[in-house]
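One-based numbering, in listed order, for ligands and for the atoms of each.
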Amino acid sequence: MLIKRPRGWELPESAATPERVWLSRRSLMLGGAGLIGAATLPGLARAQAADPTADLYPAPRNESFVLDRPVTDESIAANYNNFYEFGSSKRVAAAAQALRTRPWTVVIDGLVEEERTLDFDDLIRTMTLEERLYRLRCVETWAMAVPWTGFPLADLVAMARPLSSARYLRFETFLDPEVARGQRQTWYSWPYVEGVTMAEATNELAFLVTGVYGKPLANQFGAPLRLALPWKYGFKSIKSIVRISFTAERPVSFWERQGPTEYGFWANVNPEVPHPRWSQARERMLGTDEEFPTQLFNGYGEWVAGLYAAMEDEPLFM
Ligand SMILES: Nc1nc2c(c(=O)[nH]1)N[C@H]1C(S)=C(S)[C@@H](COP(=O)(O)O)O[C@H]1N2
Ligand SMILES: [Mo]
């Protein structure tokens, strides 16, 4: 089904069109006539799009997920990021533009009927995209509310056909210290890794994100594919995924390896369980600085509380 085949946009238009025609068509599109061009010359016009999946946006909104506060301004969310591959400050957006997100492949391996390597642009077109308004709560106490676009992680699990022995999913980010200077810092164990249980992965809330604010993901948000697990602290929502492995063993995630007494595997949001160095009782919205009381499971308990019944012995909230 997911066979790699050349598409119109993979052929640079300059290779197929005399330069003078190409240049004038480009200036036409820059002049705002892009829709006309796209309607009459689908393959060729798409070759000029900055992102080969741009035509998939905006996706219809799934109205099941509503916010209790305004959406964070795009300019704020796009300029305050955690993406340690590009540095430990929040101002990593410029550095993250160095990441080349095409071609991009995602390996599905481990305990599956058949291991495979998917081209991202093929993968996304086998999935039905939707928009969801989710909040994200960083373990550092800042929070945001954003319109993610993507598809349920459960749909990818179904496509991957895991064996019955699979108990966890392990996600891995790209590794390229040439481009991502943060990955030259050897006190971290790169690449970034995260993991969830099969039950968490197939919960309706678990979302694989390909876009935000009605467009393909900008690099700093973790292009071209990142996770959104809104009931967990933000570090579980791994960016720029290149590998998804089905495992029998619980994966050790990046921050857990770094500081197991501060960052655990479960990392479910809970106002009553402080981080060893600060309280988790409140959160601050990016942009407005408005404060809200933190909610158990970040307010998403209706979907996920049942996952953790009879698991009191586990450190579910760190
Ligand atoms: N690969 C990778 N994924 C990552 C991180 C990172 O440093 N590297 N930071 C995490 C943390 S701590 C948070 S809070 C969110 C931030 O997502 P945002 O920058 O889109 O707000 O990404 C998470 N995913
Ligand atoms: Mo975070």
Side-chain angles (χ1 to χ4, degrees), residues 71-99 101 104 106 132-150 170-177 179-185 187-196 206-213 215-244 251 253-259 262-264 267-269 275 277-278 280 283-287 294 298 318:
V71 167
T72 304
D73 281 351
E74 179 179 1
S75 62
I76 301 283
N79 288 293
Y80 190 97
N81 302 95
N82 272 335
F83 203 169
Y84 274 65
E85 285 80 348
F86 296 100
S88 57
S89 88
K90 309 300 175 193
R91 301 219 157 264
V92 289
Q97 304 317 310
L99 180 65
T101 59
W104 191 274
V106 181
R132 295 186 180 188
L133 302 176
Y134 272 2
R135 287 179 295 104
L136 180 145
R137 169 59 156 82
C138 176
V139 72
E140 299 160 345
T141 76
W142 58 267
M144 62 178 190
V146 295
W148 297 124
T149 302
R170 178 185 183 279
F171 299 84
E172 204 176 278
T173 298
F174 71 88
L175 180 63
D176 188 352
V179 168
R181 301 183 65 93
Q183 292 183 331
R184 299 179 199 172
Q185 297 185 329
W187 55 88
Y188 292 117
S189 53
W190 305 106
Y192 200 99
V193 169
E194 261 305 338
V196 294
F207 201 50
L208 271 171
V209 171
T210 60
V212 68
Y213 295 102
K215 300 174 292 210
L217 281 179
N219 279 7
Q220 63 269 32
F221 286 110
L225 184 69
R226 61 92 58 83
L227 205 53
L229 303 167
W231 72 100
K232 292 178 176 287
Y233 290 118
F235 65 83
K236 298 291 294 184
S237 292
I238 184 174
K239 296 179 168 181
S240 303
I241 297 164
V242 296
R243 180 184 296 270
I244 303 175
S253 49
F254 178 84
W255 287 112
E256 188 184 6
R257 193 176 296 281
Q258 205 60 35
E262 304 207 343
Y263 309 102
N268 296 310
V269 175
H275 183 276
R277 290 184 280 134
W278 59 83
Q280 293 291 22
E283 65 195 34
R284 175 184 58 84
M285 297 304 292
L286 292 187
T294 303
N298 201 25
M318 65 156 280

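For ligand 1, the atoms closer than 4.0 angstrom to any heavy atom of C138 are 14 (S). In the vicinity of I238, heavy-atom distances shorter than 4.0 Å reach the ligand 1 atoms 3 (N), 24 (N).
In summary, of the residues considered (F174, F254, Y84), a ring-ring contact (aromatic ring centres under 6.0 Å, His included) with W190 occurs for F254 alone.
Between N81 and ligand 1, a contact under 3.5 Å exists for at least one N or O pair. Between W142 and ligand 1, a contact under 3.5 Å exists for no N or O pair. Note: an N/O pair closer than 3.5 Å links R226 and ligand 1 by distance alone. Not a single N or O atom of W255, backbone or side chain, sits closer than 3.5 Å to an N or O atom of ligand 1.
Atom 7 (O) of ligand 1 has as its closest protein heavy atom Y84 N, 2.8 Å. Nearest protein heavy-atom neighbour of atom 12 (S) of ligand 1: N82 ND2, 3.4 Å.
Scanning all heavy atoms of the two residues, the minimum distance from G195 to K236 falls at O-NZ, 2.8 Å.
Rounded to the nearest 0.5 angstrom, Y188 OH and W255 CH2 are separated by 4.5 Å. Interatomic distance, OH of Y192 versus CD of E172, reported as 13.0 Å (0.5 Å rounding).
With a heavy-atom cut-off of 4.0 Å, Y192 touches ligand 1 through its side chain alone. Of the heavy atoms in T173, only side-chain atoms (C-beta onward) come closer than 4.0 Å to ligand 1.
In this structure, H275 and W278 have parallel ring planes: the angle between them is below the 30° cut-off, well short of the 60° mark. The aromatic rings of F221 and Y213 sit tilted, their planes meeting at an angle between 30° and 60°.
Checking K90 against N81 by side-chain atom types alone, no donor-acceptor pair falls below 3.5 Å.
At least one donor-acceptor pair under 3.5 Å links the side chain of K239 to the backbone N or O of N82. Judged purely by atom type and a 3.5 angstrom limit, Q185 has no side-chain atom pairing as donor or acceptor with the backbone of G87.
Using 4.0 Å as the threshold, S237 has a heavy atom nearer than that to some atom of ligand 1. The closest approach between K236 and ligand 1 stays at or above 4.0 Å for every heavy atom of the residue.
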- [ ] Take K215 and E74, measure what salt bridge (charged side-chain N to carboxylate O under 4.0 Å, His left out) needs, and give me the verdict at the end.
- [x] CA-CA 11 Å; K215 300 174 292 210; E74 179 179 1; 2.6 Å; yes

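Residue M144 holds the heavy atom nearest to atom 21 (O) of ligand 1 of all those in M144, E85, E140. Evaluated by nearest non-hydrogen atom to atom 15 (C) of ligand 1, the leading choice among G222, A96, A267, G234 is G234. Of the candidates K90, E172, K239, the one placing a heavy atom closest to atom 19 (O) of ligand 1 is K239.
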